[in-house]
Amino acid sequence: MLLVNTIRENFEQVLEGLQKRNFPHAEAALHQVLELDKKRKETQTERDNLQAESNSIAKEIGMLMKSGKKEEAEKIKSRTSEIKSQVKLLEDAYNNIEEDLKQILYTLPNVPHYSVPKGKSADDNEIVLEHGSIPELHADKLPHWELIKKYDIIDFDLGVKIAGAGFPVYKGRGARLQRALINFFLDEAMKAGYIEVQPPILVNEDSGYGTGQLPDKEGQMYEATADKLYLIPTAEVPITNMYRDVILNEAEFPIKNVGYTPCFRREAGSWGAHVRGLNRLHQFDKVEIVQIVHPDRSYDALEDMSSYVQGLLQKLELPYRVLRLCGGDMGFTSALTYDMEVYSAAQERWLEVSSVSNFETYQANRLKLRFKGEDKKTQLAHTLNGSALALPRIVASILENNQTEDGIKMPKVLVPYLGFDMI
RNA sequence: AGAGGAGUGGCAGAGUGGUCGAUUGCGGCGGUCUUGAAAACCGUUGUACCGCGAGGUACCGGGGGUUCGAAUCCCUCCUCCUCUGCCA
């Protein structure tokens, strides 16, 4: 969440940022934050003073008791009841104010980076670059949902039977392709200096709040209600939360983690024309990269991650483009996001396969993720993450783009992992 | 899952109602000594909030309670250890 200090010191800038996101009533909300914070401080001062008085009386009584002056001690005791009830009142007031403040702050999205374009929807995103050429296929080309049937590599009906729509069963060479991609992505990340982790795929409430899935987006996560746990929508949640309530040493930067996990998304109400086949699922596989860095370095790290992801797409020989998301299309917690989209030649559409974001201190503030610098001061770190990569749409575009009359050609880099070069 | 035990500062480990944010040791940082280093000695060493500052407040697993006063007593939750049970 946003820092109150930032709102106070850079009011105009924050306001502009929220407006870029088309956040309604931004100015009123920001004023309310400042007002509540002011009230919070006043209440704290008042409460602390009374508490100090109460503490000193308690000490006095302690001394009197020790020196055996019980009657005097009893006399003083009567003075405390009034202070005590007042402290209680102020304490409650303080807690209420703080809670109200937190509630408003939770509703405020991150302030976009200055380079983020204005805009309302995906149509306003800025195309940063395009790479690769779009393959020309025969007129009888098939979309991937036909291809998977033709070659019997992914079975949606079977998934429906055992779980429901959006839970495909990968079979034979389809399953092998999944495993190959996961291994390829993990190996590449390790070469790039990321430390692999295998986190839990169920997380508690604190973790949900830490990375910003809660309180807003409960509906997007599957819940194990009996144990108050959530199935992760992305490995970002467990991996970033490893660093919740942590004070790092500046020397430990940059922290680079990679993890493969299944991801679960309820995607309630979002089924429609463009979500056939692998385009949108309730369960899918993803390899995620996370970086925790010094605030001065976070935009370099973002560019780093962006070119790393592009490198993967190049190795997979997929045509792609990079978008800088506009204010209206950006995720709630992000300051700057690049989306990578691959071209799926039979659907004749661009498909998002990665989203790389810098959250600056937005997540770190919730996570209490700090570091101690050379000057011995603790300050918030910057967090970043990106998909590297999400599998289903990669699979969709590999299948569609590489289809031939003799079968589907596999990208060269995957052949050692697959043990075959054609499906 | 049942019975018992335990959770204290970076780590180890005292403290069972009063002046304890907390003895001590190790580690870390600074210094003295030394050509340099080690050893020894001296000092220093948590986080957050409020305050220009002096200083104040809170935190001894989390939350709640008793008390003038809680690390210490009570309730509850979490975690870990031991034994029993179950299980990949």
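Predicted model, so just to flag it, every value in this text is computed and none were measured. Naming: A, B, ... by sequence-line order, numbering from 1 per chain.
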Whole-angstrom distance between B:G62 and B:C78, as gauged at atom P: 15 Å
Nearest-0.5 Å distance, CZ of residue A:Phe23 to OG1 of residue A:Thr107: 4.5 Å
Same-atom distance (P) from B:G15 to B:A37, integer angstrom: 41 Å
Candidate nucleotides B:U47, B:U19, B:U57, ranked by approach to the side chain of A:Asp48 - the nearest: B:U57
Nearest-angstrom distance from the residue atom CG of A:Asn204 to P of B:G61: 20 Å
B:C26 and B:G43, which share atom name P, separated by this distance in whole Å: 14 Å
Pairwise C1' distance, B:C80 and B:G27 [rounded to whole Å]: 25 Å
Whole-angstrom distance between B:C20 and B:A70, as gauged at atom P: 15 Å
Touch class at under 4.0 angstrom, heavy-atom based, for A:Gln51 against every strand present: sugar-phosphate
Residues A:Arg8, A:Asp37; criterion salt bridge (Lys or Arg N to Asp or Glu O under 4.0 Å); working and verdict: CA-CA 10 Å; A:Arg8 191 169 35 241; A:Asp37 189 56; 3.0 Å; yes
A:Lys372 side chain near B:U47 phosphate (N/O to OP1/OP2, under 4.0 Å): yes
P-based separation of B:G10 from B:A6 [nearest Å]: 24 Å
Length of the CD-P vector between A:Gln44 and B:G55, whole Å: 18 Å
A:Lys20 side-chain N/O to A:Cys326 backbone N/O, donor-acceptor pair under 3.5 Å: no
Pairing pattern in dot-bracket form [Watson-Crick, G-U; both distances under 3.5 Å; | = partner strand] for RNA chain B: ((((((((.[[[..)..(.....]]]((((((.......))))))(((((....))))).[[[[[..)....]]]]])))))))....
Any side-chain heavy-atom pair of A:Phe420 and A:Arg173 under 4.5 Å: yes
A:Met63 CE to B:C20 P, straight-line distance once rounded to whole Å: 11 Å
Touch class at under 4.0 angstrom, heavy-atom based, for A:Lys41 against every strand present: sugar-phosphate
A:Thr43 side-chain N/O to B:C50 phosphate OP1/OP2 under 4.0 Å: no
Whole-angstrom distance between B:C41 and B:G55, as gauged at atom C1': 34 Å
B:U47 OP1/OP2 closer than 4.0 Å to side-chain N/O of A:Arg370: no
Pairwise C1' distance, B:G17 and B:G53 [rounded to whole Å]: 36 Å
Side-chain N,O (A:Asn55) to OP1/OP2 (B:A58) below 4.0 Å: yes
Sugar-phosphate, base or nothing in reach of A:Thr378, heavy atoms under 4.0 Å: sugar-phosphate
Earlier contact from the 5' end, RNA chain B, for A:Lys88 and A:Lys84: A:Lys88
Rounded distance in Å - CD1 (A:Ile247) to P (B:G9): 14 Å
Whichever of A:Thr80 and A:Ala58 has its nearest RNA chain B nucleotide further upstream toward 5': A:Ala58
Nearest heavy-atom neighbours spanning A:Leu389 and A:Val353: CD2-O, 3.7 Å
Any side-chain heavy-atom pair of A:Pro233 and A:Gln213 under 4.5 Å: yes
Sequence-distant partners of A:Gln310, side-chain hydrogen bond (donor to acceptor under 3.5 Å, both in side chains), two or more places apart: A:Ser306, A:Tyr320
Distance in angstrom units between A:Asp245 CG and B:G9 P, rounded: 14 Å
Under 4.0 angstrom between A:Arg40 side-chain N/O and B:C50 OP1 or OP2: yes
Protein-nucleotide distance (A:Lys368, atom NZ; B:C59, atom P), rounded to Å: 16 Å
Sugar-phosphate, base or nothing in reach of A:Ile57, heavy atoms under 4.0 Å: nothing
Euclidean distance, atom CZ of residue A:Arg47 to atom P of B:A58 [Å, nearest integer]: 8 Å
Atom pair distance, as rounded to whole Å: CG in A:Asp227 and P in B:C77: 15 Å
Any donor-acceptor pair under 3.5 Å from A:Asp155 side chain to A:Leu158 backbone: yes
Any side-chain heavy-atom pair of A:Leu278 and A:Ile154 under 4.5 Å: yes
